[in-house]
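Written out below as C-alpha cells is the structure these notes cover.
Just so it is clear, the structure is predicted and the values come from calculations on it, not from any experiment. Start at 1 with the first residue, then count along the sequence.
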Amino acid sequence: VAGLFGGLPNTSFSQNVGLIAMTGVMSITGDADSPPTKAGPALADFMGGAHLFGAIVAALYRRSVSGEGAMIDVSMQDCLFPALSTALGAYFMAGHQPPRTGNRHAALSAAPYNVYRAADGHVAIICIREGHWRNLVAAMGRPELLDRPEFADMAARARHMDALDAEVERWTASLPKHEVFRIAQAHDVICAPVQSLDEVVNDPQLHARGTLEWVEHPDLGRVALCHSPLRFAGAELPPLSEVPYLGADNRAIYCGVFGLSESELEALEADGAV
C-alpha cells in the first residue's frame, strides 16, 4: 500500500492541511473576502482511508475470483479531487476560478442555499429544485413570495440571492433552530440545525442508532466514542475496545510474535530501546 503525500512531513495534521491546500479544497473554502480556509475535519485522512478500504476489498474480491493478488496505490490527493466536482464545473463554465462562496452554492447558481441565523443559533437550508422552494414558502407561511418576479425560477433567485436570503432569515431568526428544523421536515424542505460538538455527542439519534456510545476514560472521564459506520444485516456491532497507551502491547508483540523472552524484553526496556 502506497500513500502519496507530496513530500509532506509524516504527521497526520501536516498531511491533511497540506493536501487540503494542494488539491484546491482550501482555495474554495471560506468567504469571498477571507483568505483560503482549511476544512474543519480531517477530510484527506478519512477520505483516503475510505478509498483505501474500498481498494482492499476490491483486491480481495479479485483474488477470490481470479487467484491473482494486487498492488494497491491510493493517493490521498487523488481521493480529494472528485469532491471538487461542483467547483470545477463552475470553473470551466466561467473560464476562471470563481470567488469563494462561503456557505452559498459553489457556483452561486442555486438559492436559497445558505446558513441562516435562528433565534438560538443557525440552520442550513438548501433548495435545489422548484419543489423545494415551493415547500419552503409554505413552511414560512409566505405564499406571496411565489408571485415575486425576482423569485420566479432558480436562475432569478440566484441573481437576487441577497434579497432572498433576507426573506428566509426573517423567518428563521424568529424561531429556535430545532423548531425551524421540525417545520422544514414537515414540509419536505432540506434543512438541518447547525449543531455544536456538545449537541453532536449528545444527539439522541446517534446514540439510538448505536453510532455513539458513552464510555469511561481513565483520564478524561465520560466520553462518547463512535462505532464503525459499516452495518451488516444480522451482525452485531463489535464492542468498543479501549485505545491502548503507547507500549501497552509490547509484551504481546515482542514476546508473543517475535519470541523474545521476558528477560530480553526487560533488558530492552532498561536500555531505553523500547
Side-chain angles (χ1 to χ4, degrees), residues 1-8 12-59 72-116 122-133 135-136 153-162 164-165 168 184 188-195 200 229-230:
V1 178
L4 308 183
F5 304 135
L8 297 172
S12 177
F13 178 81
S14 297
Q15 291 167 6
N16 182 70
V17 175
L19 286 162
I20 292 295
M22 291 170 62
T23 55
V25 173
M26 191 179 288
S27 76
I28 65 171
T29 304
D31 294 309
D33 57 353
S34 72
T37 306
K38 77 176 183 66
L43 295 180
D45 295 331
F46 285 90
M47 288 185 70
H51 282 78
L52 178 59
F53 171 79
I56 291 171
V57 172
I72 300 172
D73 179 346
V74 174
S75 162
M76 295 201 304
Q77 186 170 4
D78 294 348
C79 296
L80 281 172
F81 193 80
L84 299 172
S85 56
T86 301
L88 287 170
Y91 163 74
F92 284 116
M93 288 181 65
H96 57 83
Q97 177 159 334
R100 287 181 288 282
T101 59
N103 293 312
R104 287 174 164 173
H105 188 263
L108 296 177
S109 60
Y113 192 116
N114 211 337
V115 171
Y116 301 92
H122 294 83
V123 294
I125 295 177
I126 295 174
C127 294
I128 54 177
R129 297 188 180 91
E130 288 301 315
H132 295 154
W133 165 239
N135 291 346
L136 177 59
D153 55 30
M154 184 67 78
R157 291 192 295 275
R159 289 194 301 271
H160 299 90
M161 62 176 57
D162 287 341
L164 180 58
D165 281 347
V168 174
D188 291 326
V189 175
I190 302 174
C191 172
V194 178
Q195 298 201 125
V200 170
L230 305 181

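- The CG atom of Leu164 lies 4.5 Å from the CH2 atom of Trp133; values are rounded to the nearest 0.5 Å.
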Which atom pairs, one a donor and one an acceptor, fall under 3.5 Å between side chains of residues 29-37 and the rest of the protein, sequence neighbours left out?
from: Thr29; atom 1: OG1; to: Val25; atom 2: O; distance (Å): 2.7
from: Ser34; atom 1: OG; to: Asp31; atom 2: N; distance (Å): 2.9
from: Ser34; atom 1: OG; to: Asp31; atom 2: O; distance (Å): 2.9
from: Thr37; atom 1: OG1; to: Pro35; atom 2: O; distance (Å): 3.1

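- Looking at Arg157, its side chain never comes within 3.5 Å of a backbone N or O of Ala110 through a donor-acceptor pair.
- The two residues Ile20 and Lys38 make their nearest non-hydrogen contact at CG2-CA, 4.3 Å.
- Every residue meeting the salt bridge (charged side-chain N to carboxylate O under 4.0 Å, His left out) condition with Arg104, not counting sequence neighbours, appears here in chain and number order: Asp162, Asp165.
- For Phe46, the side-chain contact (heavy atoms from CB on, under 4.5 Å) criterion is met by Ala42, not counting sequence neighbours.
- In this view, Ala124 and Val115 satisfy the side-chain contact (heavy atoms from CB on, under 4.5 Å) rule, not counting sequence neighbours.
- Between Ala55 and Val74 the shortest heavy-atom distance is CB-CG2, 4.0 Å.
- Side-chain atoms of Asn16 come within 3.5 Å of backbone atoms of Ala44 as a donor-acceptor pair (strictly under, hydrogens ignored).
- Annotation for Val123 and Cys191: closest pair CB-SG, 4.3 Å, computed over non-hydrogen atoms.
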Mind running side-chain contact (heavy atoms from CB on, under 4.5 Å) on Gln97 and Ile28 for me, showing each step along the way? CA-CA 9 Å; Gln97 177 159 334; Ile28 65 171; 3.9 Å; yes
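- Across every non-hydrogen atom of Val17 and Met26, the tightest pair is O-CE, 4.0 Å.
- Shortest non-hydrogen contact noted between Met161 and Ala111 is CB-CB, 4.0 Å.
- With sequence neighbours excluded, no residue forms a side chain to side chain donor-acceptor pair (under 3.5 Å) with Thr86.
- Counting only residues at least two apart or on different chains, the ring pair (Phe, Tyr, Trp, His ring centres under 6.0 Å) pairs with a member in residues 83-105 are His105-Tyr113.
- The shortest heavy-atom contact between Asp188 and His132 is O-CD2, 4.2 Å.
- Atom CD1 of residue Ile128 and atom CD1 of residue Ile190 lie 4.5 Å apart, to the nearest 0.5 angstrom.
- Residues meeting the side chain to side chain donor-acceptor pair (under 3.5 Å) test with His122, sequence neighbours left out: none.
- Residues that satisfy the side-chain contact (heavy atoms from CB on, under 4.5 Å) test with Ala83, not counting sequence neighbours, are Met47.
- Between Thr23 atom OG1 and Asp78 atom CG the span is 10.5 Å, to the nearest 0.5 Å.
- Among residues two or more places apart in sequence or in another chain, the side-chain contact (heavy atoms from CB on, under 4.5 Å) test is passed with Ala90 by Pro98, Ala107.
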